[in-house]
Amino acid sequence: MKKKANVIILAGFLGSGKTTLLKQLLAYEKEHNHKTAVLMNEIGKVSIDSDSVPEDVPLKELLNGCICCSLSDQLEKQLWGLCKENELDTLIIEATGVAHPIDVLDACLSPYLIDNLQISGIISVMDAPRWLDREGMNVQAKMLMMEQIKHADYIVWNKTSALTEKQKKQLTSDSTRLNEGTPFVLTDFAKVELSQLFLLSVKKRSEHQSVSAEKLKVKTFMYMFEAPVNKELFEHWLRNVPSSIYRIKGYIQFIDQIYLFQYSYGLPTYEKELMKMPLRLVFIGEDLDPDQLTRGLSEVEVRSK
């Protein structure tokens with residue numbers, strides 16, 4: 001009898017830190033000589049996070065849609081393909097930040113996959129500051145974040161180092177109120193005791209509130225740079241981007257150095273990139289104005305005269 005692949009579903013709103021946790025899980029699996037595959041879903045046309053997956057790890061991507069909505073049929077096919085093409089120990093699904101984790105779970109429980117997959121659990125990575133300040137978000141986004149907490153088998157409250165003790169107590173209270181008995185951790189950089197994530201078991205699910213990407217009105221936009229960027233001008237521009245932009249990620253060049261750039265909830269990060277990567281940024285948010293974004297970014301580029 002063919003062994004079943006252990007499935008871990010990474011859920012959580014845009015920019016919460018899912019890919020950071022994914023990289024740690026892949027390193028852990030490699031240390032234990034496990035054969036691991038990844039399925040990634042991006043709501044945009046281009047995947048930036050797939051660059052984080054080592055070349056020797058089987059990877060399938062579902063782009064330009066949400067696996068709980070427009071791509072649900074494709075998800076089942078891609079999962080089946082990964083299982084048939086590889087003898088897997090572990091299969092990690094990183095859902096887009098606007099996906100409902102239960103809809104992803106339902107696809108894994110398809111009769112076509114029952115002999116191939118064993119569900120370990122849903123791990124919801126939550127941006128703690130964004131959750132505490134969620135009143136500034138629209139109703140659908142708040143509801144989705146709540147659903148991601150309610151239906152988790154393990155909750156990772158991320159980006160907590162700058163929080164007060166009162167705020168941390170609020171996170172503990174919210175965990176108990178929304179998902180009593182479910183383990184959780186308050187951390188930074190999505191650091192958790194990884195072995196615990198392989199000991200989870202899927203609990204009985206209550207009814208869930210359907211929240212689709214279409215209802216969220218989340219859109220994507222990609223900007224292609226034609227030249228290096230003036231960092232001072234770029235960061236000045238960045239300070240004025242609207243709060244309706246949830247996530248920015250991609251590659252940007254300052255003088256002669258390329259960086260992997262990520263932005264969520266007002267916080268930018270830069271990581272030196274040693275390879276020559278396509279210079280482009282992907283924006284995810286509501287009420288995106290492509291013309292305005294294009295004008296602003298073109299003004300920070302350093303073009304030769």
Side-chain angles (χ1 to χ4, degrees), residues 12-24 26-27 38 40-57 59 61-64 94 96-98 125 127 129-130 158-159 188-190 218-305:
F13 201 69
L14 299 160
S16 59
K18 296 186 296 295
T19 305
T20 302
L21 179 55
L22 171 65
K23 289 193 283 188
Q24 295 175 58
L26 290 175
V38 174
M40 271 189 170
N41 175 216
E42 291 279 8
I43 198 166
K45 295 179 181 179
V46 175
S47 173
I48 301 296
D49 292 335
S50 59
D51 297 328
S52 305
V53 179
E55 289 184 1
D56 60 343
V57 174
L59 168 70
E61 298 174 274
L62 290 173
L63 305 178
N64 205 24
E94 182 181 339
T96 176
V98 297
V125 184
D127 184 322
R130 175 173 275 165
N158 204 21
K159 310 177 188 179
D188 290 283
F189 305 106
V218 171
K219 305 294 183 184
T220 66
F221 168 71
M222 183 175 69
Y223 181 83
M224 300 286 294
F225 290 104
E226 297 178 1
V229 170
N230 180 301
K231 187 176 182 183
E232 185 178 345
L233 290 177
F234 175 72
E235 293 192 331
H236 175 75
W237 172 84
L238 198 62
R239 285 192 288 272
N240 296 290
V241 300
S243 59
S244 57
I245 293 178
Y246 296 136
R247 187 87 160 95
I248 309 172
K249 53 189 174 183
Y251 294 94
I252 191 168
Q253 182 174 348
F254 300 132
I255 309 177
D256 57 354
Q257 176 63 56
I258 295 176
Y259 292 86
L260 169 62
F261 173 76
Q262 301 201 61
Y263 169 96
S264 64
Y265 202 55
L267 297 175
T269 62
Y270 304 91
E271 184 178 332
K272 283 187 177 181
E273 176 57 54
L274 301 178
M275 297 177 63
K276 187 173 177 61
M277 304 299 290
L279 301 177
R280 59 194 179 192
L281 292 181
V282 176
F283 292 77
I284 307 174
E286 298 179 60
D287 303 317
L288 295 182
D289 186 334
D291 292 336
Q292 185 179 32
L293 292 171
T294 298
R295 282 195 302 272
L297 288 168
S298 64
E299 289 172 1
V300 305
E301 290 187 75
V302 182
R303 291 184 170 84
S304 56
K305 296 180 180 180

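Just so it is clear, the structure is predicted and the values come from calculations on it, not from any experiment.
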For [Y], does its backbone N or O pair with a side-chain atom of [X] as donor and acceptor, under 3.5 Å?
X	Y	value
R130	F13	no
E271	F261	no
E301	A227	yes
K18	G12	yes
S16	V125	yes

**Asked** Mind checking whether F254 and F234 have parallel, tilted or perpendicular rings, split at 30° and 60°?
**Response** tilted
**Prompt:** Parallel, tilted or perpendicular for F221 and F283, by the 30°/60° rule?
**Reply:**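 The arrangement is tilted - the two ring planes meet at 30° to 60°.
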**Prompt:** How about E235: does its CD atom have over 12 heavy atoms from other parts shown lying under 6.0 Å from it?
**Reply:** yes
**Asked** Got a sec: does the OH of Y270 have more than 12 other heavy atoms crowding it under 6.0 Å?
**Response**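 Buried by this count: over 12 neighbours within 6.0 Å.
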Which heavy atom of [X] sits nearest to which heavy atom of [Y], and what is that distance?
X	Y	answer
D127	G15	OD2-O, 3.9 Å
V302	N230	CG2-N, 3.6 Å
V53	L22	CG2-CD2, 4.3 Å

**Asked** With a 4.5 Å limit on heavy-atom distance, are the side chains of L288 and I245 in contact?
**Response** yes
